[in-house]
Amino acid sequence: MLDAADPAIAVGMSAYMRDQFSFLGLKSPLRREIFKPDLAELKKEAKIDGINQDFVEHAWAQEGREFLYNALDYLVAVKKYLQPADIPWLRSLAERKTWWCSIDRLNRIIGDVALRHPELNQMLLNEWAVDDNFWIRRIAIDHQLTRKEKTNPDLLEAIIVKNFGSSEFFINKAIGWSLRDYSKVNPQWVRDFLARYGEKMAPLSIREASKYILKGLFI
């Protein structure tokens, strides 16, 4: 990937992330095309040997954030091999080089493990949903994204309620995002939720949660 790096593009990419991380300057389509052969080999390896944590850790440690994105693409590709025993490790990734771009990939990776192993629900509700680290709380709130009919609404409600009163943008955005996503398949439940809890919710959460409903996309 280093041969394809573009310093001019890297400046803009870093600025978009508030200059918190350095970039090589590879836009996602090119990065994924370069990584494609290696990803194919890593997927084959995972079928036999399981998750290659060394690859992920090495990628996470590199300066160019594109390496971290490759590791996330890998975890998505092999997520079916992840088990509850991997959750502490996945959490450790979430706590390093943290920003929304990594958290919002990890929440679905962790969510996939929890869907296959619902015994993790209590951990997400009782521990992660009230964690001191708001990024961990964001994962708990949004870990059911894209589940559609497989969403556990009772769990969703319980986790969201624990996060009312937060002034953190990324928490209030996550609350609205999770509700908006569920409104695609159960708009009435979301309407009822807003009716019950609207007075306790941040305006940002209400605005995000109502987006599809107000547009009449889901009746």
Side-chain angles (χ1 to χ4, degrees), residues 1-2 5 9-28 31-32 34-35 38-39 42-43 45-46 49-115 117 120 123-146 159 162-163 166 168-175 177-178:
M1 293 203 305
L2 295 175
I9 293 176
V11 171
M13 295 175 76
S14 182
Y16 183 66
M17 294 296 175
R18 300 184 183 178
D19 294 314
Q20 295 186 88
F21 313 103
S22 62
F23 284 81
L24 302 176
L26 292 173
K27 293 185 178 181
S28 292
R31 174 184 62 78
R32 286 182 168 137
I34 294 171
F35 182 50
D38 291 331
L39 179 59
L42 287 163
K43 287 170 65 177
E45 174 192 277
D49 299 323
I51 302 296
N52 188 333
Q53 291 192 9
D54 289 340
F55 164 75
V56 175
E57 289 289 347
H58 180 73
W60 225 262
Q62 301 307 302
E63 284 301 314
R65 197 157 177 84
E66 290 92 338
F67 291 106
L68 181 149
Y69 294 157
N70 281 350
L72 289 168
D73 284 352
Y74 166 71
L75 287 172
V76 169
V78 299
K79 62 184 179 181
K80 65 182 179 182
Y81 302 113
L82 289 164
Q83 300 297 322
D86 294 308
I87 292 295
W89 173 62
L90 292 171
R91 175 180 172 134
S92 78
L93 296 177
E95 294 173 327
R96 287 178 273 153
K97 295 189 173 182
T98 309
W99 196 235
W100 61 263
C101 56
S102 55
I103 294 299
D104 291 351
R105 299 291 301 283
L106 285 167
N107 64 21
R108 302 189 199 193
I109 293 165
I110 291 168
D112 183 77
V113 183
L115 180 61
H117 298 277
L120 293 173
M123 178 200 74
L124 289 162
L125 174 62
N126 295 324
E127 299 175 26
W128 289 35
V130 295
D131 199 89
D132 290 338
N133 185 335
F134 72 83
W135 291 114
I136 300 301
R137 299 204 306 276
R138 182 176 170 97
I139 290 175
I141 294 166
D142 281 345
H143 81 278
Q144 296 195 80
L145 286 175
T146 72
I159 289 175
K162 286 178 181 286
N163 282 275
S166 175
E168 173 54 55
F169 169 86
F170 287 106
I171 290 298
N172 291 324
K173 183 80 170 181
I175 289 171
W177 191 11
S178 63

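Residue numbers run from 1 in the order of the sequence given. The structure displayed is predicted, hence computed values, not measured ones.
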Closest non-hydrogen atoms of Val78 and Ala46, given as atom of the first, atom of the second and distance, are CG1-CB, 3.7 Å
(message) Donor-acceptor check, side chain of Gln62 to backbone of Phe67, threshold 3.5 angstrom: yes or no?
(response) no
- I would like to know whether Met123 and Ile87 meet side chain to side chain contact (heavy atoms under 4.5 Å, CB included); could you show each step before the answer? CA-CA 10 Å; Met123 178 200 74; Ile87 292 295; 3.7 Å; yes
(Q) Between Lys97 and Arg65, is there a side-chain heavy-atom distance shorter than 4.5 Å? (A) yes
d(Gln53 CD, Leu93 CG) to nearest 0.5 Å is 8.0 Å
### Message
Tell me whether the rings of Tyr69 and Phe23 are parallel (<30°), tilted (30 to 60°) or perpendicular (>60°).
### Response
tilted
N/O donor to acceptor pairs below 3.5 angstrom from side-chain atoms of residues 101-110, sequence neighbours left out:
| residue | atom | partner | partner atom | Å |
| --- | --- | --- | --- | --- |
| Ser102 | OG | Trp99 | N | 3.4 |
| Ser102 | OG | Trp99 | O | 2.9 |
| Asp104 | OD1 | Arg138 | NE | 3.0 |
| Asp104 | OD1 | Arg138 | NH2 | 3.3 |
| Asp104 | OD2 | Arg138 | NH2 | 2.9 |
| Arg105 | NH1 | Asp73 | OD1 | 3.2 |
| Arg105 | NH2 | Asp73 | OD1 | 2.9 |

Hits for side-chain hydrogen bond (donor to acceptor under 3.5 Å, both in side chains) against Lys79, two or more places apart or cross-chain, chain-then-number order -> none
Note: Leu120 and Pro84 closest approach over all heavy atoms is CD2-CB, 4.2 Å
Taken in chain and number order and not counting sequence neighbours, the residues that satisfy side-chain hydrogen bond (donor to acceptor under 3.5 Å, both in side chains) with Asp19 are Ser14
Is any side-chain heavy atom of Val56 closer than 4.5 Å to a side-chain heavy atom of Trp89? yes
Those residues at least two apart in sequence (or on a different chain) that pass salt bridge (Lys or Arg N to Asp or Glu O under 4.0 Å) with Glu95 are Arg91
Taken in chain and number order and not counting sequence neighbours, the residues that satisfy side-chain hydrogen bond (donor to acceptor under 3.5 Å, both in side chains) with Glu63 are none
Heavy atoms of Ala94 and Ile136 approach each other most closely as CB-CD1, 4.2 Å
NZ (Lys27) and CZ (Arg31) are apart, to the nearest 0.5 Å, by 13.5 Å
- Going through the distances and angles, do Ile34 and Asn70 end up as a side chain to side chain contact (heavy atoms under 4.5 Å, CB included)? CA-CA 10 Å; Ile34 294 171; Asn70 281 350; over 6 Å; no
So CD1 of Ile51 and CG of Leu42: to nearest 0.5 Å the spacing works out to 10.0 Å
In this structure, CG of Leu124 is separated from CD1 of Ile139 (nearest 0.5 Å) by 9.0 Å
Interatomic distance, CZ@Phe21 vs CG@Leu68, rounded to 0.5 Å, equals 8.0 Å
Interatomic distance, CD1@Ile159 vs CG@Asp142, rounded to 0.5 Å, equals 10.0 Å
Sorted by chain and residue number, the salt bridge (Lys or Arg N to Asp or Glu O under 4.0 Å) partners of Glu57 (sequence neighbours excluded) come out as Arg96
Heavy-atom nearest pair, Val130 first then Lys162, reads CG1-CD, 3.8 Å
All heavy atoms of Gly50 vs all of Tyr74, minimum pair found to be O-OH, 4.1 Å
**Request:** Run the numbers on Asn163 and Phe134 for side chain to side chain contact (heavy atoms under 4.5 Å, CB included), then give the verdict.
**Result:** CA-CA 10 Å; Asn163 282 275; Phe134 72 83; over 6 Å; no
Discussion item. Counting neighbours of NE2 on His117 that are heavy atoms of other residues, nucleotides or ligands and sit closer than 6.0 Å, is the number greater than 12?
Written reply: yes
Is the ring pair Tyr16/Trp100 parallel, tilted or perpendicular, if the boundaries are 30 and 60 degrees? perpendicular
_Given 3.5 Å as the limit, does a donor-acceptor pair link the side chain of Gln83 with the main chain of Ala85, or not?_
no
Residues His143 and Ala114: closest non-hydrogen pair is CD2-CB, 4.2 Å
